[in-house]
Amino acid sequence: LERGENIWKFKSHWYKCTCGYSFFIGECGRPMEQAKCPGCGLQIGGRDHNKTRDTTEDDETDRSPAGYMLPIAEKDEKHVSFREIPASSARAIRLLLHSAMFLGIISSSKSPMPRNYDAVVNAEAMCTMRSETEAKYIADHWMNDWKQMVELLSSNVEDLAATLHNLL
């Protein structure tokens, strides 16, 4: 975890209190310490790899928040990974997502351009797309994804373009 690994990939290390509070146990993933639950005050965790009666292993359901929620492109993580997908695959997915979103924006010839994605932006996230021009916001993310893909694949823009052309 100190190397910036995504803790969500350690699925068997997630636990819940009976009140619903989720927590992570590092190292081997088995409880060795007890603590007071911040949600309800019950004892959570355990001792000697044995859980307290109020601690249950999480069911490993997807906890991803709903909606689009990326921060501005300059603050986007360099090596993104989710759901145990390698960074290069995750970045390719984002590149294709932002390509489709950008095509959705430019397909409208209306002036001024309508706001296409306000309904899918997670209002509780750091995403600032609602306060910016959608086209610029998505284009900035597309350019960031493109640059990161070139770097992740130790490639150049021409080879990446040819690869995506062949893929599509």
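When reading the values below, keep in mind they use all heavy atoms of this one structure, side chains included, and skip hydrogens, waters and symmetry mates. This chain uses plain numbering: 1 for the first residue, then up along the sequence.
- For the atom pair CE (Met129) and CD1 (Ile72), the distance works out to 13.0 Å, reported to the nearest 0.5 Å.
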So Thr52 and Thr55, side-chain hydrogen bond (donor to acceptor under 3.5 Å, both in side chains) or not? Walk me through it. CA-CA 5 Å; Thr52 66; Thr55 299; 2.7 Å; yes
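- Using the six-membered ring where Trp is involved, Tyr137 and Tyr68 have ring planes that are perpendicular, over 60° apart on the 30 and 60° scheme.
- Residue pairs meeting the ring pair (Phe, Tyr, Trp, His ring centres under 6.0 Å) criterion with at least one member in residues 146-168, sequence neighbours excluded, are Trp142-Trp146.
- Across all their heavy atoms, Cys37 and Cys19 have their closest contact at SG-SG, 3.7 Å.
- Residues passing the side-chain contact (heavy atoms from CB on, under 4.5 Å) test with Ala162, sequence neighbours excluded: none.
- At least one donor-acceptor pair closer than 3.5 Å links the side chain of Tyr117 to the backbone N or O of Met101.
- A continuous path of ILVMFWY side-chain contacts below 4.5 Å connects Met143 to Leu153, so both sit in one hydrophobic cluster.
- Hydrophobic clustering of Ile, Leu, Val, Met, Phe, Trp and Tyr side chains at less than 4.5 Å, counting indirect connections, unites Leu103 with Leu97.
- Here Arg115 pairs with Asp118 under the side chain to side chain donor-acceptor pair (under 3.5 Å) rule; sequence neighbours left out.
- In the hydrophobic clustering of this structure, Leu167 does not group with Leu152; members are Ile, Leu, Val, Met, Phe, Trp, Tyr whose side-chain heavy atoms approach within less than 4.5 Å, directly or through other members.
- Neither Met32 nor Trp14 shares a network with the other; the hydrophobic side chains, linked directly or stepwise wherever heavy atoms of I, L, V, M, F, W or Y lie under 4.5 Å apart, form separate groups for each.
- Summarising the geometry of Ser22 relative to Asp58, their closest heavy-atom pair is OG-OD2, 4.2 Å, with the distance given to 0.1 Å.
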Run Asp145 and Arg91 through salt bridge (charged side-chain N to carboxylate O under 4.0 Å, His left out) and show every step you take. CA-CA 6 Å; Asp145 294 335; Arg91 187 58 68 180; 2.7 Å; yes
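- With a 4.5 Å cut-off on side-chain heavy atoms, Leu160 and Leu164 count as touching.
- Applying the side chain to side chain donor-acceptor pair (under 3.5 Å) test to every pair with at least one member in residues 33-48, sequence neighbours left out, gives no pairs at all.
- Checking each of Glu57, Lys51, Arg30 against Tyr15 for a side-chain hydrogen bond (donor to acceptor under 3.5 Å, both in side chains) leaves exactly one that passes, namely Arg30.
- Partners of Asn50 under the side chain to side chain donor-acceptor pair (under 3.5 Å) rule, at least two apart in sequence or in another chain, do not exist in this structure.
- Listed by chain and number, the residues in a ring-ring contact (aromatic ring centres under 6.0 Å, His included) with Phe102 amount to none (sequence neighbours excluded).
- Note that CE of Met126 and CG of Leu70 are 8.5 Å apart. Values are rounded to the nearest 0.5 Å.
- Distance OG1/Thr18 to CD1/Ile44: 9.5 Å, rounded to 0.5 Å.
- Smallest separation of non-hydrogen atoms from Val121 and Arg130: O-NH2, 3.2 Å.
- Side-chain N or O atoms of His49 include none that pairs as donor or acceptor with a backbone N or O of Gly29 at under 3.5 Å.
- Rounding to the nearest 0.5 Å gives a distance of 7.0 Å between OG of Ser107 and CG of Asn116.
- In this structure, Met69 CE and Cys127 SG are separated by 8.5 Å, a value rounded to the nearest 0.5 Å.
- Counting heavy atoms from C-beta outward, Cys40 and Tyr21 have side chains that stay 4.5 Å or more apart.
- Note that NE2 of His98 and CD1 of Ile105 are 10.0 Å apart. Values are rounded to the nearest 0.5 Å.
- Shown here is Lys147, whose NZ atom has no more than 12 heavy atoms of other residues, nucleotides or ligands within 6.0 Å.
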